Amino acid sequence: GKDLTRVCLPVYFNEPLSALQKIAEDMEYSELLDEAAALPAGSVERLLRVAAFAVSAYSGSGPSRTRKPFNPLLSETFELVRPDKGFRFLAEKVVHHPTVVAAAAEGRGWSFSGDADVRSNFWGRSIELKPEGVLTLDFEDGDSYLWNKVTTSINNLIIGKIYVDHGGLMKIRRRGSTTVAKVRFKETKLLFDRDPRRVEGHVEVDGERLSYPTLEGHWNDSIDVTWEGGRRERVWTKNPMPEHRNANRYNMTRYAIGLNEITPEMEGKLAPTDSRLRPDQRLTELGMWEEANEEKQRLEHKQRAARKAAEEGVPLKPRWFSVKQDKVHLTKQLSGHHIS
């Protein structure tokens, strides 16, 4: 039950990406948001494109993607600019304990923002990751959507084949409306589950479930929408893995591999706080375990000293983000009464 963000683990348990870069990984299928921006505001078609984007964020955490990202240092940042995909992204670690990161992105007719407090608990045979926070998507026409993340688990740590699973209910809600898409991530009950990693979803208006459209598929493969009359539409398909997959020990997609790359155009332009410049993370990518562990301990000791000095003097504050109170009313029925 221990929160792993408070435990100093050897880098062997990590993949060479930080939690900030993992959030940027959610943007791999940003073209779904480009498609949604071209659809009418408030339409079910737009809502389902947003739902497909929310599900696609889990495709990078495939069944064999079992290592945890590096816990960012306080004030660590990650900036990603992708002219080819038409978006730019920025994330920062804003609170040390509990670990809270904030992120924002701008694309073709849309903007994305959110914060996340991920609690990682160790249960002996498994690790459970529970994200807390709301993600927001705003379109230029004033349409806005909110959703939550589901629970992730890494199973069979002691005996059997290690695998990653996601489970729970994701709600994609249109702000100022009673329209909501509900997507259920079905947990794998057995190792030999005939249909693992399945997701199923539907749309509700004023609390009433619509018969159509429905959403179904697998979070690591593809998503289909079935419209009234039986017409079936493939709205998302996962990108193929790199050809030389055996050389990719962390089972990352080509997009994820590129997140830690420093191109010649970036040299001298990256912020000194950028995740790509973390020496322990870079040494882990190179397979230099002992040197990486030494650097990781050095950085963590330095951070503890800086945090202690800040507590006794001027508190550390986020550089790129500030707290904004945004009232989000999520109504549910309890014993016949509605509460907000």
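Please read these numbers as outputs of a predicted model, since none were measured by experiment. Numbers for residues simply follow the sequence, beginning at 1.
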Would you call E216-R232 a salt bridge at under 4.0 Å N-O?
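Salt bridge between E216 and R232, a charged N being under 4.0 Å from a carboxylate O: yes.
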Lys/Arg N to Asp/Glu carboxylate O, K186 vs E200, below 4.0 Å:
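Result for this pair is yes, salt bridge flagged.
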Could you measure the distance from the [atom1] atom of [X] to the [atom2] atom of [Y]? Nearest 0.5 Å is fine.
X: M288; Y: E294; atom1: CE; atom2: CD; result: 10.0 Å
X: S30; Y: K85; atom1: OG; atom2: NZ; result: 4.0 Å
X: N71; Y: L73; atom1: CG; atom2: CG; result: 8.0 Å

Where the side chain of [X] meets the backbone of [Y], is there a donor-acceptor pair that is under 3.5 Å apart?
X: N148; Y: L169; answer: yes
X: D115; Y: G133; answer: no
X: D280; Y: E295; answer: no
X: D143; Y: G42; answer: yes
X: K149; Y: P131; answer: no

Closest heavy-atom contact between [X] and [Y]?
X: W147; Y: A54; result: NE1-CB, 3.6 Å
X: R194; Y: P196; result: C-CD, 3.6 Å
X: K93; Y: P72; result: NZ-O, 2.7 Å
X: Y145; Y: S43; result: OH-O, 4.4 Å
X: A105; Y: M27; result: CB-CE, 4.1 Å
X: S56; Y: L32; result: OG-CD1, 4.2 Å

[X] and side-chain contact (heavy atoms from CB on, under 4.5 Å): which partner among [options]?
X: T151; options: K130, H166, E187; value: K130
X: L48; options: T214, L39, V225; value: V225
X: V94; options: V100, T99, V101; value: V100

Please determine whether side chain to side chain contact (heavy atoms under 4.5 Å, CB included) holds for the pair R65 and N220, giving the CA-CA distance in whole Å, both sets of side-chain angles, and the decisive distance to 0.1 Å.
CA-CA 11 Å; R65 187 90 173 266; N220 69 321; over 6 Å; no
Passes side chain to side chain contact (heavy atoms under 4.5 Å, CB included), D195 versus H218? Steps please.
CA-CA 9 Å; D195 194 15; H218 300 83; 2.6 Å; yes
Yes or no on side-chain hydrogen bond (donor to acceptor under 3.5 Å, both in side chains) for S275 and E76, after CA distance, side-chain angles and deciding distance?
CA-CA 7 Å; S275 298; E76 184 175 326; 2.6 Å; yes
When you group the ILVMFWY residues by side-chain heavy-atom contacts below 4.5 Å and let the links chain together, are [Y] and [X] in the same group?
X: L90; Y: L20; result: no
X: F89; Y: L277; result: no
X: V164; Y: I162; result: yes
X: Y58; Y: L33; result: yes
X: I257; Y: M266; result: no

Could you check whether any side-chain heavy atom of [X] comes within less than 4.5 Å of a side-chain heavy atom of [Y], counting everything from C-beta outward?
X: L17; Y: R67; answer: no
X: E79; Y: V81; answer: yes
X: N239; Y: T253; answer: no
X: V150; Y: V183; answer: no
X: P69; Y: Q21; answer: no
X: F185; Y: V55; answer: yes
X: N14; Y: Y250; answer: no
X: K22; Y: L259; answer: no

Do E15 and N251 pass the side chain to side chain contact (heavy atoms under 4.5 Å, CB included) test, and can you show the C-alpha distance, the side-chain angles, and the key distance before you say yes or no?
CA-CA 10 Å; E15 62 181 13; N251 295 297; over 6 Å; no
Considering residues at least two apart in sequence or located in another chain, which fulfil the salt bridge (Lys or Arg N to Asp or Glu O under 4.0 Å) criterion with E291?
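Testing E291 for salt bridge (Lys or Arg N to Asp or Glu O under 4.0 Å), a comparison that skips the adjacent residues, returns none.
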Checking D117 now: which residues fulfil salt bridge (Lys or Arg N to Asp or Glu O under 4.0 Å) with it, not counting sequence neighbours?
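With neighbours one apart ignored, the set is R119.
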Test the R46-F139 pair against the cation-pi criterion, namely NZ or CZ under 6.0 angstrom from the six-membered ring centroid and within 45° of the ring axis.
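R46 over F139 ring: yes.
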Could you walk me through whether S126 and N155 pass side-chain hydrogen bond (donor to acceptor under 3.5 Å, both in side chains), step by step?
CA-CA 4 Å; S126 65; N155 306 281; 4.6 Å; no
Not counting sequence neighbours, list each pair that qualifies as a ring-ring contact (aromatic ring centres under 6.0 Å, His included) and has a residue in residues 19-38.
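Qualifying pairs: Y29-W236.
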Would you indicate whether [X], at its atom [atom1], is surrounded by more than 12 heavy atoms from other residues, nucleotides or ligands within a distance under 6.0 Å?
X: R88; atom1: CZ; result: no
X: R254; atom1: CZ; result: no
X: I159; atom1: CD1; result: no

R319 vs E92, test: salt bridge (charged side-chain N to carboxylate O under 4.0 Å, His left out). Steps then yes/no.
CA-CA 8 Å; R319 177 70 180 271; E92 179 182 6; over 6 Å; no
For T178 and D206, run side-chain hydrogen bond (donor to acceptor under 3.5 Å, both in side chains): C-alpha distance rounded to whole Å, both residues' side-chain angles, the deciding distance at 0.1 Å, then the answer.
CA-CA 5 Å; T178 60; D206 295 328; 2.5 Å; yes
What do the steps show when you test H301 against R304 for side-chain hydrogen bond (donor to acceptor under 3.5 Å, both in side chains), and what is the final call?
CA-CA 5 Å; H301 288 319; R304 280 191 286 269; 2.6 Å; yes
Between K296 and E300, is a salt bridge (charged side-chain N to carboxylate O under 4.0 Å, His left out) present by the stated rule, with each step listed?
CA-CA 6 Å; K296 186 170 185 284; E300 290 177 348; 3.0 Å; yes
Please find out if less than 6.0 Å separates the ring center of F87 from that of F112.
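Ring centres of F112 and F87 not closer than 6.0 Å.
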Would you check, one step at a time, whether the test salt bridge (charged side-chain N to carboxylate O under 4.0 Å, His left out) holds for E233 with R49?
CA-CA 11 Å; E233 179 186 7; R49 283 297 191 285; 3.0 Å; yes
Run the side chain to side chain contact (heavy atoms under 4.5 Å, CB included) check on N260 and R282 step by step: do they pass?
CA-CA 8 Å; N260 210 41; R282 182 64 62 185; 3.5 Å; yes
